[in-house]
Amino acid sequence: NFMLTQPHSVSESPGKTVTISCTRSSGSIASNYVQWYRQRPGSAPSTVIYEDKKRPSGVPDRFSGSIDSSSNSASLTISGLKTEDEADYYCQSYDSTNHWVFGGGTKLTVL
Amino acid sequence: QVQLVESGGGVVQPGRSLRLSCAASGFTFRSYAMHWVRQAPGKGLEWVALISDDGSIKYYADSVKGRFTISRDNSKNTVYLQMYSLRPEDRGVYYCAPGFGSGAYYTDSWGQGTLVTVSS
């Protein structure tokens, strides 16, 4: 099986752009879709990106997703940062038997 | 609008059992696989189990295999997680989520979760 590795934390100022990475340990990042979930303190997760780069309805276009085969990683980019974006962000993919695999999560601080 | 309501959590002693339920509405429940995901206090998300739309296929995380059983009742739009031989490390909030995509590989809907505490 594979693992997804995320930075423990990132921080950036309001109005700036931040990128959170998610690196797959084995197998190609492109072989299985990557999703991104946001979890605000005390709340359930919510989906911000699915199928590498698609946004559910209601998620602003400040959120974008991409994959990079050269680094075997996926990225979540949030532009025009707002204080309300402060949350934990998790990447997720799946293996050949549809077991979900989560990254360890990244705490985004908007300061 | 998708709605998922988990219930059945509580405080239980190590080695005992507990059954969680997740009542779903707002989508054609019988057409979708369902997942359980948990989160220990202060920790990240951990996938627990998956059941296919008709209940014929079930997968489990290694950490719960042989102790947990996932099931569903499509007539009641409900998915269950029967947990046996509970351990302190099973403590956390348990979420259910429908699986979308051809392999149920993602979700865009989450319930609020139900808290399980395993303690003597």
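Quick caveat, the model's predicted, so the values are computed rather than measured. FYI, side chains are in, hydrogens and waters are out, and symmetry mates aren't considered; it's all heavy atoms of this structure. Naming convention: chains lettered A, B, ... in sequence-line order (proteins, then strands); numbering from 1 in each chain.
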J.: Of all the residues in residues 10-32 of chain A, which have a heavy atom that comes within less than 4.5 Å of a heavy atom in chain B?
T.: none

J.: Mind checking which of residues 54-85 of chain A sit less than 4.5 Å from chain B, heavy atom to heavy atom?
T.: none

J.: Going only through I, L, V, M, F, W and Y residues with side-chain contacts under 4.5 Å, is there a path from B:L4 to B:L115?
T.: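 The answer is yes; both residues are in one hydrophobic cluster.
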
J.: Can you tell me which portion of B:V93 sits under 4.5 Å from chain A's heavy atoms? Options are side chain, backbone, both or neither.
T.: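 Neither part.
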
J.: Report the relative orientation of the aromatic rings in A:Y37 and B:W110; use parallel for angles under 30°, tilted for 30 to 60°, perpendicular for over 60°.
T.: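 Perpendicular, since the angle between the ring planes exceeds 60°.
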
J.: Using heavy-atom distances under 4.5 Å, tell me whether B:Y105 contacts chain A through its side chain, its backbone, both, or neither.
T.: both

J.: Determine, using the 4.5 Å side-chain heavy-atom cutoff (strictly less than), whether A:V34 and A:V101 are members of one ILVMFWY cluster.
T.: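 No, A:V34 and A:V101 fall in different hydrophobic clusters.
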
J.: Taking every non-hydrogen pair under 4.5 Å, which of B:Q39, B:Q112, B:H35 racks up the most with chain A?
T.: B:H35

J.: Is it possible for you to say whether B:L81 and B:Y95 belong to one hydrophobic cluster, with membership spreading through side-chain heavy-atom contacts below 4.5 Å?
T.: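 Linked, B:L81 and B:Y95 end up in one cluster.
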
J.: Checking an interface table here. Which of residues 40-65 of chain B come within a heavy-atom distance under 4.5 Å of chain A?
T.: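 Under the 4.5 Å heavy-atom cut-off, B:K43, B:G44, B:L45, B:E46, B:W47, B:L50, B:Y59, B:Y60 qualify.
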
J.: Minimum heavy-atom separation for A:A44 to B:G111, with atom names?
T.: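 Scanning both residues, the minimum pair turns out to be CB-O, 3.1 Å.
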
J.: Taking 4.5 Å as the heavy-atom cut-off, does anything in residues 89-100 of chain A contact chain B, and if so which residues?
T.: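 Expected list: A:Y90, A:Q92, A:Y94, A:T97, A:N98, A:H99, A:W100.
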
J.: Determine, using the 4.5 Å side-chain heavy-atom cutoff (strictly less than), whether B:I70 and B:F29 are members of one ILVMFWY cluster.
T.: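 In one cluster with B:I70: B:F29, yes.
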
J.: Answer yes or no: are there more than 12 heavy-atom neighbours, outside A:E51 itself, under 6.0 Å from its atom CD?
T.: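 Correct, the count exceeds 12.
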
J.: Grouping I, L, V, M, F, W and Y whenever their side-chain heavy atoms are under 4.5 Å apart, do A:Y33 and A:F2 come out in a common cluster?
T.: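 Shared cluster, no.
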
